[in-house]
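Okay, so here's the structure we're looking at.
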Amino acid sequence: MFPLRRPPFHPTDRGVGHNVGYQSKVRVIDRYKVIGFISSGTYGRVYKAVGRHGQPGEFAIKKFKPDKEGEQIQYTGISQSAVREMALCSELSHVNVIKLVEIILEDKCIFMVFEYAEHDLLQIIHHHTQPARHPIPPATVKSIMFQLLNGCQYLHSNWVLHRDLKPANIMVTSAGEVRIGDLGLARLFNKPLHSLFSGDKVVVTIWYRAPELLLGSRHYTPAIDMWAIGCIFAELLSLRPIFKGEEAKMDSKKTVPFQRNQMQKIVEIMGLPSKNTWPNLVSMPEYSQLSTLSLSSHNKNGSSLEKWYYSTINSHSGTSVPTSNASLGAEGYKLLAALLEYDPEKRLTAQAALQHPFFSTGDKVSNNCFEGMKTEYPHRRVSQDDNDIRTSSLPGTKRSGLPDDSRPTKRIKE
Amino acid sequence: MAASYWESSQRRFWTFSREQLDNIRQKLEEEDQNLVQSYPLPELRHLSFYFNQQIARLGKRLGVRQQAMATAQLYLRRFYTKVEIRRTNPYLVIATAVYLACKMEECPHHIRLVVSEGRTLWPGNFFSSDTSKLGECEFFLISEMSSQMIVHHPYRTLTSLQGNFSLTQEESALAWSIINDHYMTDLPLLYAPHIIAVMAILLALVLRPNTTGIQSASNSASNIATAAQAALNSASQPRPGTGDRQSGPRTKVQKLANWLAESNIDIEGIVNCTQEMISFYEFQEQYNEKHTREQINRFVKARGLDK
């Protein structure tokens, strides 16, 4: 269909063009040497690679799973989330957002080549629970938070909602620079033709999901990312998710259930939201559900976040590690409380959070979150099981999880 | 990236000077001289007009909003700065641009729906019912655009400025339709969206919308040119504090002129845009759809690009 641009047209080539088809100008395996497999998800797989032509550094290549019809891989149209991620990553450029190197469209597959980041927050948090729990040093927490907020502020000022902030999606380079990664759910919020709700109904891993989403809000804002950042902050301090609820699965009719257990977890620490402090609360679709949550006696009188915070930062680990997060002090609590504010309109913005006294009191915030650390975190595990980036079959990656929003079942008219 | 047009891929990679654009196109034709000679095509603005009509028709069938169609038009125009038209099946590229633009503008349509509407719109086997063709073309389109799919449109500036200049509903609507029309020209590859928006407001004020709309206004293109030019001239010699308190188009033009004089906006750019737009409206009268379609269909069939 699409003849190659060269060799030049020859009078006899008339009509044969359609046999050639689309061909990429560059080939992944010509440009990169895959050195191992990192992870897989519903979207496809991620490989670690190095350049073959002296490109400096290492790379993470995200290969989107091609669609199959029977055994034959077919062009079936790129999913909307892949299109978003490709477009956003091509546009964004910030020190705290993962850097896209190039996108190669080849053999019906999409390869997004990113700079490689050695660590991520999930892995760092996990490391601090092994062999016994020992807190992440306060300077590291502070630096991570500042860089994370800085990246988020950049996204929000560019009208990008990330929508899936969680420790696994926050990368950290070996130089201690935080990079917000995985923009697969991100989207622009400046010009939604449909309400942001109608596109994809389930957003954000449940533990990091903002209360307004749990209560069925259809109009969401950058504040949902700020709630997730509050949850991540708490997790950096306590080394476990602060609101670790169980997800209620969608029923067969694909109606989104009220996430009672998750909301319960939030209420246990934050107390019940009230219309005095959150005026729009009563207009939330699931408002009536709130009264059905069971309340233990200690959170009847509002939030116990402060108690949670101080017992967390003052807790000494079982080992003799002397570091504690006590030095994060009262400003740490104020920042946490302002991020975990129920009312999305009152919740701290990324811009305001960067100005928070938490970052201006005490030691200067470093751009290297590992500064002053003696230990080095273990490197990302790279397996050798699958080094062939070109294999089209992807065992163990069943299509599941988020509904593919590029396939609306019903035609929606404006 | 409305907050940062200045850092956008649109400004950095997809905005050209007139000379650059002419060179790019000339080079494309030179690379395919035989092809170009074997299949003469109408001049580019006829093609643009035809393509735009096709996008609009397909968009209408799909119920696509104007902004997504505008995005599709820009995709098409970008693509054809990279690929010689005669090497493609324009119908397939058009459908693909619409399909992709709808995803980017958050109003997605299923690939099968786009293909089936295309089949109805373009009978005579110019457009394959095979969805994988469109899927393949999507790879081609994205690849040629270097995945730079986020587009800045002038509509946003228009919306934010209409209050400043107390535009009436009719004036806003006219400015809006001038913006719609500018996608049929090279202007979106030449100027920043805010320049286009100001040009559209200026023209709308000068054209003085009435119930007959822009079609009839375009009949007196030279009058418009004169009026627009006069307004812009006065922007270089602002007369602040003009006493009269009327809110008619005349004072609005003056207000716009004063505002421009005080801003850092590229007035020369606006002048050029205005002229380009006016000559577009003049040209529109000579456009011959049948002739354009025949010439396109000829090379599509002869080269087997419909297969």
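Residue numbers start from 1 in every chain, and the chains themselves are labelled A, B, ... in the order their sequence lines are given, proteins ahead of strands.
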Does NZ in B:Lys301 sit with more than 12 non-hydrogen atoms of other residues, nucleotides or ligands closer than 6.0 Å? yes

Candidate pair A:Gln80 and B:Glu106, rule side chain to side chain contact (heavy atoms under 4.5 Å, CB included), full reasoning: CA-CA 8 Å; A:Gln80 192 178 15; B:Glu106 303 294 347; 3.1 Å; yes

Flag the pair A:Thr76 / B:Thr131 as yes when at least one side-chain heavy-atom distance between them is below 4.5 Å, and no otherwise. no

CD1 on B:Ile142 to CD1 on A:Ile103, rounded to 0.5 Å: 8.5 Å

Charged N to carboxylate O below 4.0 Å: is that the case for B:Glu144 and A:Lys25? yes

When you compare the side chains of B:Gln148 and A:Ser90, does any donor N or O come within less than 3.5 Å of an acceptor on the partner? no

Got a salt bridge between A:Lys108 and B:Glu136, using NZ or NE/NH1/NH2 to carboxylate O under 4.0 Å? no

Tell me, for A:Glu102 versus chain B, whether the close heavy atoms (under 4.5 Å) come from the side chain, the backbone, both or neither. neither

Taking every non-hydrogen atom, the tightest pair across B:Met149 and A:Val83: CE-O, 3.8 Å

Cut-off 4.5 Å, heavy atoms of chain A, and the answer for B:Ser146 is backbone

Minimum heavy-atom separation for A:Gly77 to B:Lys103, with atom names? C-NZ, 4.2 Å

Any donor-acceptor N or O pair under 3.5 Å, side chains B:Ser143, A:Tyr22: yes

Measuring from atom CD1 of A:Ile104 to atom CZ of B:Phe139, what distance do you get when rounded to the nearest 0.5 angstrom? 12.0 Å

Check the surroundings of atom CD in B:Glu30: do more than 12 heavy atoms from other residues, nucleotides or ligands lie under 6.0 Å from it? yes

A:Leu105 vs B:Phe140 side-chain heavy atoms within contact, under 4.5 Å: no

Give, for atom CG of A:Leu92 and atom OG of B:Ser9, the distance between the pair rounded to the nearest 0.5 Å. 10.0 Å

Who are the salt bridge (charged side-chain N to carboxylate O under 4.0 Å, His left out) partners of B:Arg293, not counting sequence neighbours? B:Glu289

Can you tell which of B:Glu138, B:Gln33, B:Gln10 has the highest number of heavy-atom pairs within less than 4.5 Å of chain A? B:Glu138

According to salt bridge (charged side-chain N to carboxylate O under 4.0 Å, His left out), who are the partners of B:Arg298, at least two apart in sequence or on a separate chain? none

